[in-house]
Q: 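Input: one structure, supplied below.
The chains referred to below are lettered A, B, ... by the order of the sequence lines, with proteins before strands, and numbering in each begins at 1.
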Protein chains: 2
Amino acid sequence: MANSQFAMAVHVLTMLADNCDERVKSSYLAKSVNTNAVVIRRLLSDLHEAGLVVSRTGYSGGTCLTKDPEDISLMEIYRAVSHGEVFSLHRQKPDKDCPVGKNIESVLCNLQKEIDKAIDERLGNYTLRDIISMVRRGEEIFA
Amino acid sequence: MANSQFAMAVHVLTMLADNCDERVKSSYLAKSVNTNAVVIRRLLSDLHEAGLVVSRTGYSGGTCLTKDPEDISLMEIYRAVSHGEVFSLHRQKPDKDCPVGKNIESVLCNLQKEIDKAIDERLGNYTLRDIISMVRRGEEIFA
DNA sequence: GTATATTGTAACTATTCTTGTTACACTTAT
DNA sequence: ATAAGTGTAACAAGAATAGTTACAATATAC
């Protein structure tokens, strides 16, 4: 199943940025993302580990950002929620008796790192503030 | 489950490049990749659609490359086997009554395209010939 | 201090994607 | 005719993601 955590994370963080002055409830976020509140809380748990949000339990609890939207890059968000890489290495180990099989994994592993770096660089060009601008611009266009 | 088709494709194409003068059998490739021959034939089917290989059925059948390894870029290989993108969009459509939910998808979609472009560019820097060199270099080092 | 609203998290189910396997029609050389 | 291949369909197995239910812990309101 395709992993949509990054998409949900950007969505959620944009919502939080739009409500910087209050604590936002998971049920409210869940409604906008169109999923279950527990799914949102799990996501917020990862974002909290990455230091991007802070939550409070209890009556009038909820979540807010820990820093300004212009100080949160998409790379941070991506790293906070992405476990896997762009492509996976072999599921079964290749045959070590084959000259290619013996070395292909380390070559692919280096390639993986190189691509991850390219993604990081590209995502590092944007902040949450940029996303907010784009979302707002979209609103004007389609309103 | 993580998608390892790109890894297998690079592996298989490297093997074919290493045996340019003969038709290689799927069972031989399967042994090196450590999987079932049908899995390999399915993969070869995608690579054939992309114009990278050609196969022959029957007695002494098998597969070979359609062009020189230096003319096959990793980007072509990636495109031949990767259906999905780096990250997925929302599984369920966001709430259109929410200003963020209404526009976030198109913003993320553009971002997706931008990242895909970054990956293409980076993979475009390498050809199958480079992979062969790296695999051979690895052999010398670890032999 | 009791009731209420909220998070945090565990446990289980459902869904979807990838891989592995079996089976068999079709093709080509000997 | 036989043997050795590919191509592909159909199904089973395995693994990852998301959805759901349940409930303990916590914080406010009254």
Q: For Asn36(B) and dT8(D), what is the distance between atoms CG and P respectively, to the nearest whole Å?
A: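 These atoms are roughly 16 Å apart.
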Q: Would one find a side-chain N or O of Arg41(B) under 4.0 angstrom from OP1 or OP2 of dT6(D)?
A: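 Checking dT6(D) against Arg41(B), a side-chain N or O does come within under 4.0 Å of OP1 or OP2.
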Q: Verify, without hydrogens or angle tests, whether Glu22(B) (side chain) and Asn19(B) (backbone) share a donor-acceptor contact under 3.5 angstrom.
A: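 No.
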Q: Select base, sugar-phosphate, or nothing to describe what Ser26(B) touches, counting heavy atoms under 4.0 Å on all strands.
A: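 Sugar-phosphate only.
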Q: For Thr63(B), answer base if it contacts any base atom (sugar-phosphate contacts may also be present), sugar-phosphate if it contacts only those atoms, and nothing otherwise; contact means non-hydrogen atoms under 4.0 Å.
A: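 Counting heavy atoms under 4.0 Å across all strands, no contact is made by Thr63(B).
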Q: Establish whether Met75(B) and Val86(A) are linked, either directly or via other cluster members, by ILVMFWY side-chain heavy-atom contacts under 4.5 Å.
A: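 In one cluster with Met75(B): Val86(A), yes.
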Q: Check the pair Ser88(B) / Ser4(A) against side chain to side chain donor-acceptor pair (under 3.5 Å), numbers first and verdict last.
A: CA-CA 5 Å; Ser88(B) 297; Ser4(A) 61; over 6 Å; no
Q: Rounded to whole Å, please give me the gap between CD in Gln92(A) and P in dG20(C).
A: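 Rounding to the nearest Å, CD of Gln92(A) and P of dG20(C) are 6 Å apart.
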Q: Quick one: Arg56(A) CZ to dA25(D) C1', roughly how many Å, whole number?
A: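 Distance check: Arg56(A) CZ to dA25(D) C1' gives 15 Å.
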Q: So which of Arg41(A), Lys31(A), Arg42(A) actually passes side chain to side chain donor-acceptor pair (under 3.5 Å) with Ser26(A)?
A: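 When Arg41(A), Lys31(A), Arg42(A) are each tested with Ser26(A), the side chain to side chain donor-acceptor pair (under 3.5 Å) holds only for Arg41(A).
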Q: Tyr59(B) side chain: which of dT30(C), dA18(D), dT28(D) is closest?
A: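 The listed nucleotide nearest to Tyr59(B)'s side chain is dT30(C).
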Q: Closest nucleotide of DNA chain C for Ser45(A) versus for Gly61(A): which of these residues is on the 5' side?
A: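 It is Gly61(A), whose closest nucleotide lies nearer the 5' terminus.
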